[in-house]
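Atoms within a ligand are numbered from 1 in the order they appear, just like the ligands themselves.
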Amino acid sequence: MSPPSDHDVCVIGGGVTGAGIARDLSLRGLSVLLLEKGDWGAGTTGGSSWMIHGGPRYLEFDWETTRLSTQDAGYIVSIARNLVYRVVFIIPVLPHDRNNIERMETAMEVYDRFQPLKKAHPHTRLTAEEALLAEPGLTRELIGAVTMEEWGVDPHRLVYANVEDAVAHGARAMNHTRVIDLIRDGGKVIGVRYRTADGAVSEARARVVVNASGPWSPEVSGMAGVPVKLRPAKGIHIVYPHRISNFSISAESIDGRDLLMVSHAGFTLLGTTDDDFYGDLDSVDILQDEVDYLLQAFERVFPSIRSYRPVRTTAAVRPTLYKWRRYEDELSRRYEVIDHAAQGVEGFVTIAGGKLSMYRLMAEQTSDAVCHKLGHQAKCTTATTALPGNESDMEPAAELARRCGIPALAAVKLQSRHGSRAEKVLDGARAGRLVCRCEPLTEAELAYAARREQVRTLADAFRRVGLAAGPCAGSACVMRAAEVIGRELGWSASQRFDAVREFVRGAWLGRAPVLARAGWAQEELAQGAMRGLIT
Ligand SMILES: Cc1cc2nc3c(=O)[nH]c(=O)nc-3n(C[C@H](O)[C@H](O)[C@H](O)COP(=O)(O)OP(=O)(O)OC[C@H]3O[C@@H](n4cnc5c(N)ncnc54)[C@H](O)[C@@H]3O)c2cc1C
């Protein structure tokens with residue numbers, strides 16, 4: 001076993017919460033070790049609806065969550081300007097909907113009072129004709145509509161920006177590294193035992209260990225012998241590789257829940273379900289029933305929805321705080337910072353519950369608790385300290401494209417990930433070559449991600465730089481991508497083929513639930529062709 005290393009704090013979990021805590025504590029001058037068993041943001045964070053929002057829905061039963069998340073969203077959108085974009089919703093009202101147009105507008109009037117906190121605009125009320133003019137795909141049945149504005153975000157890059165900044169301030173951050181046990185000295189947690197991707201087991205000592213493992217927190221707290229009780233709830237999305245509408249649209253499900261079709265920068269997420277989850281967190285299946293439930297609801301407001309071709313599905317489990325006897329989606333999205341000293345275990349803190357939209361605040365309060373334990377006085381600065389790439393204004397994308405010889409859309413995408421640091425990612429000669437014909441990702445950016453951004457698999461590259469995010473879903477680009485990444489990481493020919501095979505298998509699992517009959521035949525053909533190429 002390698003000798004133990006010393007840190008002030010070890011954070012377990014590289015979702016948005018853990019990454020935010022690692023950044024906060026590093027900015028306060030503490031030495032931090034951040035460990036993630038998969039890839040940055042690959043847990044619940046990546047499977048979210050990708051929105052920094054206030055959640056008008058919570059106004060009905062938990063307005064404090066709406067207030068806190070709109071307030072924190074305001075900070076997040078100003079420190080991560082390149083990662084966020086405005087998302088405008090049309091909320092159509094149909095006969096027999098749970099909320100009639102007056103009720104809906106009243107709710108929006110209340111929500112308008114929170115909107116300035118997150119720099120968003122107030123709602124407008126639309127007649128049926130106006131709504132149909134804005135989005136002709138809506139049903140002719142509609143009575144009227146209201147609009148609402150939220151923020152979209154790339155959560156994978158948001159997590160990575162926090163990791164990157166933590167590292168820039170002295171943290172050590174390791175992905176593909178699983179904590180397998182906590183080291184204890186009597187009633188005190190004094191460190192972690194972890195396994196890296198190559199199977200090696202090491203130990204690290206820390207004065208405080210933070211459990212930021214989202215829905216896995218009960219499992220991790222179990223290692224310290226203390227309970228953390230959640231009520232995990234599963235949510236799925238259907239993913240379309242383009243925008244179906246320029247607006248995001250809401251729909252009421254058959255059981256009266258609010259579902260969302262969210263138009264992101266270049267794709268659409270249609271979701272989401274919210275069901276108590278009792279299964280294996282590392283293998284969350286998606287059922288045909290869940291897909292049908294979502295499509296049924298959207299067909300009512302957007303009749304042509306079934307004619308669009310989805311490319312994959314996502315599934316994730318919410319780390320909701322435990323409560324008995326409520327419907328899943330009425331549960332509070334509040335969070336709790338638990339100092340386990342109260343249960344007789346010193347040196348161990350858990351952060352549970354919450355939302356992506358208030359990750360910064362959750363990180364601040366967890367870091368405050370850690371600093372209090374360590375007697376460290378430094379104050380939180382994350383509300384006003386720009387994330388990497390936001391220190392200065394970005395130049396116009398067209399200018400960057402012209403100077404670097406890349407397509408304008410590639411420049412836009414590059415800036416959306418790297419902000420004002422975009423140019424340093426490109427390296428001269430190879431900058432202009434695109435990896436894929438449908439997703440404008442340059443070889444230079446992909447190589448940089450492998451060299452500098454801890455990309456170790458093709459799926460990591462999907463999260464870090466959007467590899468295979470376009471309509472081809474990887475079929476036109478993963479072989480080439482494996483070459484580019486392999487060159488940087490010294491992969492042999494067989495390692496490249498293994499990487500492709502692993503990606504294709506994972507992509508297939510995500511695509512299977514949305515394949516119609518003809519899709520299965522096409523998939524068989526594609527899989528056969530791919531197998532012929534790589535065996
Ligand atoms: C379907 C869905 C949609 C959502 N949409 C939104 C939204 O639009 N906006 C919003 O604000 N919120 C949304 N949420 C909620 C939000 O996504 C979560 O609250 C948030 O992402 C949780 O982040 P986290 O870092 O706490 O957990 P996670 O992202 O799950 O991170 C925990 C990490 O810990 C790692 N880990 C676990 N065990 C170990 C171990 N032993 N060793 C090392 N690492 C370990 C995991 O691999 C994981 O990456 C949504 C949730 C769901 C499920």
**Asked** With sequence neighbours left out, what residues match Arg309 under side-chain contact (heavy atoms from CB on, under 4.5 Å)?
**Response** Val311
**Asked** Is Ser357 in polar range of ligand 1, meaning some N or O pair under 3.5 Å apart?
**Response** yes
**Message:** With a cutoff of 4.0 Å, is Ala212 in contact with ligand 1, counting heavy atoms of the residue only?
**Reply:** yes
**Prompt:** Looking only at heavy atoms of Ile351, does any of them come nearer than 4.0 Å to an atom of ligand 1?
**Reply:** no
**Complete:** A student comparing Lys37, Arg318, Arg333 should find that the heavy atom closest to atom 51 (C) of ligand 1 comes from Arg318
**Complete:** Within the 4.0 Å heavy-atom cut-off, what Leu35 brings close to ligand 1 is backbone
**Message:** So, regarding Ser49 and ligand 1 (criterion: nitrogen or oxygen to nitrogen or oxygen, under 3.5 Å), is there a contact or not?
**Reply:** yes
**Proximity of Met358 to ligand 1 by residue part, where a heavy atom lies under 4.0 Å** = neither
**Request:** Applying side-chain contact (heavy atoms from CB on, under 4.5 Å) between Leu25 and each of Val208, Leu34, Val9, Leu374, report the one that passes.
**Result:** Val9
**Contact check: Ile236 vs ligand 1, nitrogen or oxygen atoms, below 3.5 angstrom** = no
**Option whose closest heavy atom lies nearest to atom 27 (O) of ligand 1, chosen from Gly235, Ala363, Gly214** = Gly214
**Prompt:** Which residues pass the side-chain contact (heavy atoms from CB on, under 4.5 Å) test with Asp276, sequence neighbours left out?
**Reply:** Arg231, Tyr278, Glu328
